[in-house]
Amino acid sequence: TAEIIILERDEYVSFANCGLPYHIGGEIEDRAALLLQTPESLKASLNLDVRTGHEVLAIERTNKRVTVRKRATGEEYTESYDKLVLCQGANPVRPPLPGIDHPRLFTLRNIPDMDAIKAVVDQGATRAVIVGGGYIGMEVAEALRHRGLAVDLVEMLPQLMPPLDVEMARDLAYHMESHGVTLHLGVTAQSFVDVQGQIQVNLSDGVTLLSDLAIMAVGVRPASTLARETGLAIGPRGGIKVDPHMRTSDPDIYAAGDMVEVTDTITGEPALIPLAGPANRQGRIVADHIFGRTSAYQSTQGTAVLKVFEM
């Protein structure tokens with residue numbers, strides 16, 4: 001009986017973002033397999049009014065309205081709410097380095113990013129540089145090796161996968177190298193230069209890497225700009241501060257997923273842990289609480305799984 005409106009800035013909803021590297025690498029051949037739901041299917045099954053290409057520009061908390069822009073036409077309109085839920089996720093970090101806007105330098109967050117990377121690979125790319133040795137960097141390195149590219153992976157810390165103990169990360173490094181990935185550990189990318197349409201990555205140890213494409217995978221930051229402009233409380237780690245029912249400092253505005261701060265199960269401290277499992281559970285808790293159930297979110301352990309070649 002509720003009127004539920006979903007405003008999405010981009011053109012896709014409910015896609016399998018954990019599968020994006022595997023379509024680039026060819027293990028998931030059918031692109032459509034990544035698109036779990038469409039606005040039409042969500043309307044038919046759950047009576048949701050899903051509007052893609054609609055960006056929220058501002059929130060008026062006193063009047064309980066949002067200002068929305070249709071990206072295709074530029075037309076603006078307002079929409080009222082009883083309860084507002086922010087689920088904007090996190091944005092890939094793009095450090096302010098020289099050449100960061102090079103057209104062959106990508107991040108991987110959504111379907112258009114995947115399409116752009118795959119297009120370059122499909123056109124016959126032979127070399128790639130990946131900056132960042134976390135989950136996404138590791139998976140993309142594997143995917144590009146599957147496609148036959150020579151891959152250099154650059155990680156600022158002296159080990160891959162920063163959350164792991166160094167002994168575990170060492171085994172992982174040996175495994176990556178045995179599958180043909182060239183590792184540059186304890187090194188940073190300093191700048192990106194165009195060389196006749198290719199991208200040259202200049203490293204802090206003086207090495208230069210010339211490649212057909214480069215991918216920045218150095219982490220994500222909460223997409224909290226709208227929340228900040230609205231005056232919602234932000235936590236010490238830069239995510240939106242929420243109570244156990246996922247309410248922000250405004251009791252009629254909830255937030256969930258990668259944009260919120262959670263409590264670390266072990267330390268009891270605020271933490272940013274951008275994972276699908278917690279996001280899914282938080283979304284359900286928001287829905288419960290809006291409709292009078294007392295569901296609460298306790299803490300996040302940060303349990304995660306990563307496949308790298310045969311490990």
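Treat the numbers as computed from the prediction; the structure is a model and nothing was measured.
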Nearest-0.5 Å distance that lies between atom OG in S295 and atom CD1 in I285
6.0 Å

Report yes or no: is the cationic atom of R293 (NZ for Lys, CZ for Arg) under 6.0 Å from the centre of the six-membered ring of F291, at an angle within 45° of the ring normal?
no

Run the side-chain contact (heavy atoms from CB on, under 4.5 Å) test on N202 and V193 for me, step by step, so that the C-alpha distance in whole Å, both residues' side-chain angles and the decisive distance to 0.1 Å come before the verdict.
CA-CA 8 Å; N202 299 320; V193 180; 3.5 Å; yes

Looking only at heavy atoms, the pair that brings I117 and T107 closest together is CD1-O, 4.0 Å

Taking the side chain from R237 and the backbone from V262, do they hold a donor-acceptor pair closer than 3.5 Å?
no

Within the 3.5 Å criterion, strictly below it, is a donor on E60 or T62 matched to an acceptor on the partner's side chain?
no

Minimum-distance pair of heavy atoms, taken over all atoms of L160 and A169:
O-CB, 3.4 Å

CD1/I24 to CZ/F106 distance, rounded to the nearest 0.5 angstrom?
9.5 Å

Mind listing the closest non-hydrogen atom pair of L57 and E229 along with its distance?
O-OE1, 4.2 Å

Check the pair E142, K307 against salt bridge (Lys or Arg N to Asp or Glu O under 4.0 Å), reporting the backbone distance first and the verdict last.
CA-CA 9 Å; E142 177 184 336; K307 171 193 168 293; 2.4 Å; yes

Between A143 and P21 the two heavy atoms that sit nearest each other are CB-O, 3.2 Å

Could you tell me whether a side-chain N or O of T248 sits under 3.5 Å from a main-chain N or O of I253, the two making a donor and an acceptor?
yes

S299 versus T263, side-chain donor and acceptor atoms under 3.5 Å:
no

Backbone N/O of L157 and side chain of E155: donor-acceptor pair under 3.5 Å:
yes

Any donor-acceptor pair under 3.5 Å linking the side-chain atoms of E29 with those of H23?
no

Residue pair Y77 / H54, side-chain donor-acceptor N/O under 3.5 Å:
yes

Would you call D252 and R61 a salt bridge, taking side-chain N to carboxylate O under 4.0 Å as the test?
no

Under the criterion side-chain contact (heavy atoms from CB on, under 4.5 Å), I'd like the reasoning laid out for E55 against E8: C-alpha separation, chi angles, the key distance, then a yes or no.
CA-CA 6 Å; E55 182 172 15; E8 166 57 47; over 6 Å; no

Could you go through V140 and L108, starting from their C-alpha distance and side-chain angles, then the distance that decides it, and tell me whether this counts as side-chain contact (heavy atoms from CB on, under 4.5 Å)?
CA-CA 9 Å; V140 172; L108 181 58; 3.7 Å; yes

Report the relative orientation of the aromatic rings in H146 and F309; use parallel for angles under 30°, tilted for 30 to 60°, perpendicular for over 60°.
tilted

Short side-chain donor-acceptor distance under 3.5 Å, Q198 and D212
yes

Tell me whether K64 contacts the main-chain N or O of D82 through its side chain, where contact means a donor paired with an acceptor under 3.5 Å.
yes

Take R31 and I111, measure what side-chain contact (heavy atoms from CB on, under 4.5 Å) needs, and give me the verdict at the end.
CA-CA 9 Å; R31 180 178 177 278; I111 298 277; 3.2 Å; yes

Heavy-atom donor-acceptor pair, Q282 side chain to G257 backbone, under 3.5 Å
yes

First locate atom CG of N110, then atom CZ of R9, and finally report the distance between them rounded to the nearest 0.5 Å.
9.0 Å

Under 6.0 Å from the CG atom of L153, do we count more than 12 heavy atoms belonging to anything else shown?
yes

Salt bridge (Lys or Arg N to Asp or Glu O under 4.0 Å), that's the test. Do R109 and D113 meet it? Break it down for me.
CA-CA 6 Å; R109 180 185 190 264; D113 294 342; over 6 Å; no

Around R281, counting heavy atoms of other residues, nucleotides and ligands shown, do more than 12 lie under 6.0 Å from its CZ?
no

Closer than 3.5 angstrom, by distance alone: can the side chain of Q159 be matched with the main-chain N or O of L164 as a donor-acceptor pair?
yes

Polar side-chain atom of R94 near backbone of I100 as donor-acceptor pair, under 3.5 Å:
yes

Nearest heavy atoms of I28 and A33, plus distance in Å:
CG2-CB, 4.3 Å

At what distance, to the nearest 0.5 angstrom, does CE of M311 lie from CG of L172?
5.5 Å

Test your reading of the model: is there a side-chain donor-acceptor pair from S211 to the backbone of A128, 3.5 Å cut-off?
no

Quick check: are there more than 12 heavy atoms from other residues, nucleotides or ligands sitting under 6.0 Å from CE of M168?
no

Pair R247 + D243: basic N to acidic O under 4.0 Å
yes

Looking at H184 and V207, what are the two nearest heavy atoms and their distance?
CE1-CG1, 4.4 Å

Using the benzene-type ring in the case of Trp, are the ring centres of H102 and F192 under 6.0 Å apart?
no

For R221, does the CZ atom sit with more than 12 other heavy atoms under 6.0 Å from it, leaving out its own atoms?
no

Answer yes or no: does atom CD of E76 have more than 12 heavy-atom neighbours from other residues, nucleotides or ligands under 6.0 Å?
yes

Taking E27 first and then R147, would you say they form a salt bridge - that is, a charged N and a carboxylate O separated by under 4.0 Å?
no

Would you confirm whether R228, through its side chain, and L232, through its main-chain N or O, come within 3.5 Å as a donor-acceptor pair?
no

Measure from the side-chain N and O atoms of D10 to the backbone N and O of Y12, and report whether any donor-acceptor pair falls under 3.5 Å.
no

Kindly compute the distance separating CG (D152) from OG1 (T182), expressed to the nearest 0.5 Å.
4.5 Å

